[in-house]
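A short write-up of the structure that comes next.
In the text below, chain A, chain B and the rest are named by the order of the sequence lines, each starting its count at 1. Every heavy atom of this structure was used, including side-chain atoms; hydrogens, water molecules and symmetry mates were not.
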Amino acid sequence: MDVLKKVPVREQDPKVRATNFDEVCLGYNAQEATEEANRCLTCKNAQCVKACPVAIDIPGFISKIKEGDFEEAGYVIGKSSALPAICGRVCPQESQCEGKCIRGIKGEPVSIGKLERFVADYAREKGIKPQKPESTNGRKVAVIGSGPAGLTCAGDLAKLGYDVTIFEALHEAGGVLVYGIPEFRLPKEDVVKKEIENVKSLGVKIETNVVIGKSVTIDDLMEKEGFEAVFIGSGAGLPKFMGIPGETASGVFSANEYLTRSNLMKAFRDDYDTPIRPGKKVAVVGGGNVAMDAARTALRLGADVHIVYRRSEEELPARVEEVHHAKEEGIIFDLLTNPVEILTDENGWVCGMKCIRMELGEPDESGRRSPKEIPGSEFVIDVDTVIMSLGTSPNPLISSTTEGLDINKRKCIVASEENGQTSKPGVFAGGDAVTGAATVILAMGAGKAAAKGIDEYLKNK
Amino acid sequence: MYKILKACNLASNIFLMDVEAKRVAAACEPGQFVIVKIDEKGERIPLTICDYDRQKGTVTIVVQTVGASTTRMQKLKAGDSFRDFVGPLGRPSDFVNEDIESLKKKKFLFVSGGLGTAPVYPQVKWLHEHGIDADVIIGARTKELVILEDEMRAVSGNLYITTDDGSYVRKGMGTDVIKDLVNNEGKKYDVCVAIGPMIMMKFVCLLTKELGIPTIVSMNPIMVDGTGMCGACRILVDGQVKFACVDGPEFDGHLVDFDQAMKRMGLYKTEEGRALLAEQEGDTHHGGCGNCN
């Protein structure tokens, strides 16, 4: 065994998985996990913990794996994270815990994400559930949105004895974990539902089909329904479009719509009613994780898929692992290419997309080299479906119906990073609703900080 | 679960249901809609609100069978339940937030086509309850498809009914009645609200533009979540992209690009048709209909 290298993780063969929706990564077994755990140096001043947005005691849980006490390893993680099976799968570990791992200086870092996943999967398979706190203080807190921020905030508050109700606008709890991230990266029944069940077993209630701002307002929750504090974790749900001609044509989708149809509404399964257009040749515009998810979904529905991105490979915002997986599965990357018009046939259907070649200029304020059009380089790619994956912004439903809640010019709710406090007393916020589209783990970190903030606020009230 | 308290057919393919949904009943206003999902595997179906009872906590919906999910929905009886019933979604009709005294000075004309009578009803009823009697034109293809006639008569000013085939009262389209009222009877209207099939709303708008009557239409394009998330319901209004679910569903009809909206409506025709065939014929359907590969 080469101590400088990670124990390789088993994956479905790319050719096989390109035709199914089963999970790509198969995870470690006990022997592989123990072997990988033994690579951990158990640093006293662990840098990985500092790089984790929810500060999991990483050397602590890995030590338990070394001892073969997988159950105890689960309890160590559980002190900091309510959603370990999810984080082990979708966190960008390479830029967080694993990015700071001392092992990584001279070789590959410890595969912390895969170990976390192993521990969480072990606990779930053994049916180990978190314990409901023995006594509650009876004080009611409302959490808006059941995505990663809301679930984390609710779980932490329930552990502190609060009577927590989550309000979810859709018909299933989970937010982006159920509507956004596809089955082949994050299984819904076995992983997401089970982790949500764990949060519920702490005593958290979830009321689905409630659109805050429409069904009931935050002011009503506080004045009429007895909630003493509210956490807003409503995410960044509004899709952006490019504003180019032809964008309202039939066959142009937001990545949100495409993924929602497939993930939440299970359009990829024959036994569900919701339709989806598989497409024969699909262009996905954008280079983030959501673009990769949409592209790999279209591929599995049978299409030839191109990613169209205006910068070069180096600037792709998606995780390296996702880009790698997409390429392995046969997705073609048209880089330094930007759409200028969507072409339609006489019935208003997409029949092509006119693009222009780009070149990279000087770095802009984001530090990335800004792309410039090469004049006269227009060309048409032959596609019948276009999926726009250009990012999302927060939904104004809540901010526009809540008196005294400040938002910034990007429509994000203004909240303290430290404790989630907003401009309105008793109202806290975190996750994408505050930051704009970011990651699952950052949203969880914000949910955690806000739970602490709410506890302090209510104790002093 | 959301219990169905009453279920009855208004026509062979149109049915009415009273559904227990306390939060929706407490918050909804005329002009808004709900999304209903029958069970785990059903679609999310946007439906207009036909009536509501805040005391009883019930919402009345009127549905036309158009696809697999609505066909299944028609089979449900009083005592059955929907898995999901979410709302109210969209913005209420503008007049709900207008000053009552200035509203009273306005003469309203509602034009409903087919199922459009259902969303028109709560608007006319709201105005009636605030002391304003609006004229209403109910248009339908044939007598059987004229719905909610008695209910509408009880809350409207003048009620005009017309059928395309002349099988009931007048013969002709809603637009023919508008022309007749304005040109021959000398009626003047300050606001027209037209709700029905897109093609009908398009032609009402062409006429009212000519007649100089500001017109509001209610758009019901394809949507998934109904909260602004998917963008499927985007339409062009005055050249701008709008989401019917959060910016609407009601828009200035003279600014809506109906041709573009109708093209988008055809988007799922084939797949939806397939789902319906699968529903009616089970797995006996193996192509040959011209739509399947």
Side-chain angles (χ1 to χ4, degrees), chain A residues 167-172 179-180 207-217 220 234-241 243 247-261 264-267 269-278 344 346-349 388 392-393 395-397 400, chain B residues 2 21 23-24 26-28 32 34-35 37-45 67-69 72 83-91 222-236 241 243 246 257 259-275 278-279:
Chain A
F167 295 97
E168 167 55 48
L170 290 170
H171 58 271
E172 292 288 349
Y179 77 72
E207 196 181 328
T208 52
N209 297 322
V210 182
V211 183
I212 301 297
K214 289 286 175 188
S215 310
V216 63
T217 61
D220 282 344
S234 51
L238 294 189
K240 290 180 187 159
F241 289 93
E247 218 170 8
T248 54
S250 300
V252 182
F253 302 88
S254 70
N256 256 7
E257 177 184 359
Y258 204 77
L259 290 170
T260 300
R261 282 181 184 274
L264 175 72
M265 305 307 296
K266 308 236 186 316
R269 281 174 51 172
D270 290 340
D271 54 338
Y272 280 72
D273 286 344
T274 295
I276 193 164
R277 177 176 160 76
T344 52
E346 67 280 7
N347 296 317
W349 279 91
M388 290 291 176
T392 52
S393 59
N395 198 318
L397 275 182
S400 66
Chain B
Y2 302 82
R23 286 197 186 275
V24 185
C28 67
Q32 293 185 294
V34 291
I35 282 186
K37 192 166 175 288
I38 305 179
D39 55 21
E40 167 80 27
K41 292 176 181 173
E43 286 177 82
R44 290 174 65 93
I45 309 166
S69 294
R72 273 205 289 144
R83 182 187 187 274
D84 302 288
F85 194 97
V86 59
L89 299 168
R91 295 151 48 95
I222 291 158
M223 51 179 78
V224 182
D225 62 290
T227 62
M229 209 180 86
C230 77
C233 65
R234 60 196 190 279
I235 57 169
L236 284 175
V241 174
F243 288 2
V246 287
D257 185 340
D259 293 336
Q260 179 268 343
M262 280 187 279
K263 275 182 181 168
R264 274 188 72 78
M265 281 295 273
L267 182 58
Y268 280 97
K269 227 180 220 162
T270 319
E271 283 90 342
E272 174 77 2
R274 272 183 218 171
E279 173 79 10

Out of I35(B), V241(B), T227(B), D39(B), return the one with the most heavy atom pairs under 4.5 angstrom to chain A.
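Option with the greatest count: T227(B).
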Measure distances from V24(B) to the heavy atoms of chain A and classify the residue's part below 4.5 Å as side chain, backbone, both or neither.
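Interface part for V24(B): neither.
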More than 12 heavy atoms of other groups within 6.0 Å of R83(B) CZ:
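More than 12 heavy atoms, drawn from other residues, nucleotides or ligands, come within 6.0 Å of this atom.
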Under a 4.5 Å heavy-atom cutoff, which of D271(A), D270(A), T248(A) has the most pairs with chain B?
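Option with the top pair count is T248(A).
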Shortest non-hydrogen contact from [X] toward [Y]:
X	Y	value
P88(B)	K214(A)	O-CB, 3.1 Å
F85(B)	N209(A)	N-ND2, 3.7 Å
G228(B)	P239(A)	O-CD, 3.3 Å

Residues two or more places apart in sequence or in another chain: which of them pass side chain to side chain contact (heavy atoms under 4.5 Å, CB included) with T260(A)?
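If we apply the side chain to side chain contact (heavy atoms under 4.5 Å, CB included) test to T260(A), skipping adjacent residues, the hits are Y179(A), L264(A), V224(B), M229(B).
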With sequence neighbours excluded, tell me which residues meet side chain to side chain contact (heavy atoms under 4.5 Å, CB included) with T344(A).
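Testing T344(A) for side chain to side chain contact (heavy atoms under 4.5 Å, CB included), a comparison that skips the adjacent residues, returns A249(A).
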Which portion of [X] sits near chain B, non-hydrogen atoms under 4.5 angstrom:
X	answer
E168(A)	neither
K266(A)	neither
L397(A)	side chain
E172(A)	side chain

Before accepting this row, confirm whether a basic side-chain N of the pair E247(A)/R234(B) lies closer than 4.0 Å to the acidic partner's carboxylate O.
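Judged by the 4.0 Å cut-off on N to carboxylate O distance, E247(A) and R234(B) do not form a salt bridge.
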Do K37(B) and M265(A) come within less than 4.5 Å of each other through their side chains, counting heavy atoms only?
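Counting from C-beta outward, K37(B) and M265(A) do come under 4.5 Å.
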For a 4.5 angstrom cut-off between non-hydrogen side-chain atoms, does L89(B) reach V211(A)?
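Touching, per the 4.5 Å side-chain cut-off.
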Has S254(A) got a side-chain atom pairing as donor or acceptor with C230(B)'s backbone, closer than 3.5 angstrom?
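Side chain of S254(A) to backbone of C230(B): a pair is present.
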For Y272(A) and E40(B): C-alpha separation, side-chain torsions, deciding distance, then whether side chain to side chain donor-acceptor pair (under 3.5 Å) applies.
CA-CA 8 Å; Y272(A) 280 72; E40(B) 167 80 27; 2.9 Å; yes
Going by distance alone, is a donor N or O of one side chain under 3.5 Å from an acceptor N or O of the other, for R44(B) and H171(A)?
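There is such a pair (donor and acceptor under 3.5 Å, judged by atom type) between the side chains of R44(B) and H171(A).
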CG/D225(B) to CG/N395(A) distance, rounded to the nearest 0.5 angstrom?
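So the CG of D225(B) and the CG of N395(A) are separated by 8.5 Å.
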